[in-house]
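Report on the structure given below.
Both ligands and their constituent atoms are indexed starting at 1 by order of listing.
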Amino acid sequence: MPKRIELLLSPSQAVSPATVRHHAALEAGIVLDDVTSVRLIRRSIDARARMPGVRIQADVYAGEEAPVTSLVLDNLKHANSKKRVIIVGAGPAGYFAALELLEHGITPIVIDRGKDVRARRRDLRAIQQDGIVDPHSNYCFGEGGAGTYSDGKLYTRSHKRGSIEKVLQLLVEHGATTDILIDTHPHIGSNKLWVVVQKMRETILQFGGEVHFESYVTDMVLTSDAQKNRSAKGVVLSDGREILADAVILATGHSARDVFFMCERNNIAVESKPFALGVRIEHSQELIDSIQYHHAPRHPDLPASSYKLVCQADGRGVFSFCMCPGGLIVPSATSAGEIVVNGMSMSRRDSPFANSGTVVAVEPQDWQDYASAGNLAAMEYQASVERAAFASNGDGSQRSPAQRLVDYLGGHVSSSIPKTSYIPGHASIDMRSILPPNIDARLRIAIREFGRSMRGYLTNDAVMVGVESRTSSPVRIPRDHETKEHINVSRLFPCGEGAGYAGGIVSAALDGQNVAQSIIAKIFSAA
Ligand SMILES: Cc1cc2nc3c(=O)[nH]c(=O)nc-3n(C[C@H](O)[C@H](O)[C@H](O)COP(=O)(O)OP(=O)(O)OC[C@H]3O[C@@H](n4cnc5c(N)ncnc54)[C@H](O)[C@@H]3O)c2cc1C
């Protein structure tokens with residue numbers, strides 16, 4: 001039996017495997033030469049002390065080797081072409097659903113409106129440099145989904161929703177570093193994530209699945225029985241092709257507004273749901289490090305530090321969202337005529353900037369004015385703020401509205417905006433002119449509160465950039481809790497973030513796996 005131990009090491013000790021082994025043997029009371037292996041279980045930064053350290057939990061083996069973990073990929077079977085499931089969307093929900101189906105030899109047919117993960121990069125450059133938004137290939141659409149050119153944070157609160165270990169293990173089996181299996185805040189980074197996504201596609205193809213790009217679903221093929229019960233038979237693509245299958249998974253993400261309209265047109269129930277709305281706030285990473293690590297400069301073996309802020313403002317939650325240490329603010333619009341921002345980072349998290357969404361919980365009373373949009377009122381409210389952000393720069397570019405935090409609180413338009421990580425540039429405006437009053441008032445309260453709780457946060461160089469509006473889907477596509485099937489169309493399975501059942505890469509992947517298991521139980525076990 002291994003001995004479970006805990007260590008608190010300095011950052012430079014923690015990066016040396018030999019030093020970790022030495023201290024692990026000491027802690028376990030085993031002579032170093034007798035140690036056969038040390039398996040790390042958990043690793044986290046402890047920044048509470050004046051000199052931050054690294055906490056490690058490990059199993060120390062003596063006289064036996066640590067057991068070898070079996071590969072999830074070894075469970076995949078070649079697909080049976082007579083058992084077919086259409087998966088609309090090649091994001092984490094779609095690809096993890098596909099791999100889960102392949103464990104049971106069922107053919108996944110993945111369709112994505114965007115381009116493959118490598119070709120997609122050209123379109124990201126066009127948004128960054130020329131302000132041209134391709135409505136099918138951008139930071140949200142294309143292979144790997146919204147998660148690919150992101151920060152690649154892999155933590156979730158969805159611990160009860162499935163096996164996070166299996167999700168992380170599959171990412172490792174497709175090329176991600178094994179560090180993600182032990183870090184409390186695992187992270188991949190955009191420069192590495194795209195390779196993982198590409199390898200996942202290669203696995204799907206190798207086992208007989210299909211992956212189709214640059215053609216999008218415009219309609220559903222539905223049938224009705226004598227009792228008018230409807231069932232999904234397949235999908236219609238933008239090039240007119242009809243594809244039929246035993247079931248359809250709709251995993252199209254939070255930005256596919258055309259899919260929500262398509263559901264409405266077909267009387268496939270959808271409903272508005274709460275989300276969160278606000279801005280992205282950027283500081284220098286050096287400042288955040290000096291606040292979080294109590295001294296500057298940061299130790300070279302410590303990662304760029306992050307923060308998490310939350311408070312109640314006038315009865316609603318305001319919180320930091322998708323904090324990107326050492327990251328960039330990116331233009332995440334999916335159509336011309338709107339400005340949306342989000343954050344991403346590379347695996348080394350080495351940009352000089354730290355940014356984070358700072359958002360207010362949106363509630364039904366906020367979208368009352370959009371009641372004429374019926375079930376899609378929350379989405380129309382969200383779109384109206386994005387259009388206002390676009391109109392604010394006056395030149396039709398992706399220059400985002402921006403204001404120094406202190407000017408925002410003081411009610412002045414900033415005379416200059418300091419250098420930020422957002423490549424398209426900024427228009428200096430009063431952010432109050434584009435933020436809905438309910439959001440603006442609460443952001444002011446929260447930013448003052450955050451300035452009090454995190455000394456240094458409220459500096460003249462901190463900038464707010466708008467708008468952070470795609471925090472989660474403003475629409476839910478309701479489904480049965482057990483079977484995961486749509487409430488009024490059988491064999492249709494709403495899935496992932498767009499349908500309202502996930503809020504990040506890992507939770508979307510878990511939902512993809514869960515939906516695939518439900519399909520296997522409902523459709524293929526009975527057959
Ligand atoms: C810039 C950015 C940074 C982010 N950073 C992180 C992070 O660090 N950590 C984290 O956990 N989450 C992050 N997120 C959120 C995360 O990416 C999403 O939660 C996750 O990708 C949702 O997965 P999904 O599979 O449900 O949908 P998506 O990833 O949105 O995938 C949906 C797919 O469906 C396709 N599609 C849409 N409509 C159609 C159609 N009609 N026909 C065919 N295909 C269609 C799209 O092209 C897309 O590829 C970030 C998001 C962005 C935009």
Determine, step by step, whether Tyr216 and His136 satisfy the ring-ring contact (aromatic ring centres under 6.0 Å, His included) criterion, reporting the C-alpha distance in whole Å, the side-chain angles of both residues, the deciding distance to 0.1 Å, and the verdict. CA-CA 8 Å; Tyr216 57 100; His136 303 294; 4.5 Å; yes
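You'll find the side chain of Pro401 reaches within 4.5 Å of the side chain of Ile339, heavy atoms only.
Side-chain contact check for Glu210 and His212: at least one donor-acceptor pair (N or O, by modelled atom type) lies under 3.5 Å. A donor and an acceptor atom, one from each side chain of Glu143 and Thr148, are nowhere located under 3.5 Å apart. Side-chain atoms of Ser231 and Ser490 form a donor-acceptor pair, as typed in the model, at a separation below 3.5 Å. Gln382 and Ser469 form no side-chain donor-acceptor contact under 3.5 Å, judged by distance and modelled atom types alone. Side-chain contact check for Asn138 and Asp123: no donor-acceptor pair (N or O, by modelled atom type) lies under 3.5 Å. Judged by distance alone, the side chains of Asp480 and Thr483 do bring a donor and an acceptor atom under 3.5 Å apart. Of the N and O atoms on the side chains of Tyr370 and Ser384, at least one donor lies less than 3.5 Å from an acceptor on the other residue.
The protein non-hydrogen atom at the shortest distance from atom 25 (O) of ligand 1 is Ala93 N, 2.9 Å. Of the protein's non-hydrogen atoms, Asp112 OD1, 2.7 Å is the one closest to atom 47 (O) of ligand 1. Nearest protein heavy-atom contact of atom 51 (C) of ligand 1 is Ala146 O, 3.5 Å. Atom 42 (N) of ligand 1 has as its closest protein heavy atom Val217 N, 3.0 Å. Among protein heavy atoms, atom 30 (O) of ligand 1 sits closest to Gly253 CA, 3.3 Å. Of the protein's non-hydrogen atoms, Arg113 NH1, 3.0 Å is the one closest to atom 38 (N) of ligand 1. Of the protein's non-hydrogen atoms, the one nearest atom 4 (C) of ligand 1 is Ser150 CB, 3.1 Å. Of the protein's non-hydrogen atoms, Glu497 OE1, 2.4 Å is the one closest to atom 19 (O) of ligand 1.
Close contacts of ligand 1 with Val259, meaning ligand atoms under 4.0 Å from a residue heavy atom, involve 38 (N), 41 (N). Those atoms of ligand 1 with a heavy atom of Cys322 less than 4.0 angstrom away are 5 (N). Close approach of ligand 1 to Ile111 (heavy-atom distance below 4.0 Å) involves ligand atoms 43 (C), 44 (N). Interface atoms of ligand 1 facing Gly496, defined by a heavy-atom separation under 4.0 Å, are 26 (O). Within ligand 1, the atoms closer than 4.0 Å to a non-hydrogen atom of Gly89 are 33 (C), 34 (O), 35 (C), numbered from 1 in the order shown. Close contacts of ligand 1 with Phe141, meaning ligand atoms under 4.0 Å from a residue heavy atom, involve 46 (C), 47 (O). When each atom of ligand 1 is checked for a heavy atom of Ala251 under 4.0 Å away, the hits are 32 (C), 33 (C), 34 (O). Near Ala256, meaning under 4.0 Å from one of its heavy atoms, ligand 1 places the atoms 37 (C), 38 (N).
Using a 4.0 Å cut-off between charged nitrogen and carboxylate oxygen, Glu497 and Arg470 do not count as a salt-bridge pair. Between Arg257 and Glu338 there is a salt bridge, since a side-chain N of the basic residue sits under 4.0 Å from a carboxylate O of the acidic one.
By the 4.0 Å heavy-atom criterion, Tyr95 is excluded from the residues contacting ligand 1. Within the structure, the closest approach of Gly343 to ligand 1 falls below 4.0 Å when heavy atoms are considered.
There is no protein heavy atom less than 4.0 angstrom from atom 14 (N) of ligand 1.
At a 4.0 Å heavy-atom cut-off, ligand 1 touches Ala508 through the side chain alone.
A donor-acceptor contact shorter than 3.5 Å links the side chain of Asn266 to the backbone of Met262. One N or O on the side chain of Asn191 and one on the backbone of Ser347 form a donor-acceptor pair closer than 3.5 Å.
For atom 16 (C) of ligand 1, the nearest non-hydrogen atom from the set Thr252, Ile505, Leu237 comes from Ile505.
Across Ile109, Asp219, Ile86, a single residue satisfies side chain to side chain contact (heavy atoms under 4.5 Å, CB included) together with Val235, and that is Ile86.
The shortest N/O to N/O separation between Pro92 and ligand 1 falls below 3.5 Å. Checked by distance only, ligand 1 and His136 stay at 3.5 Å or farther apart across all their nitrogen or oxygen atoms.
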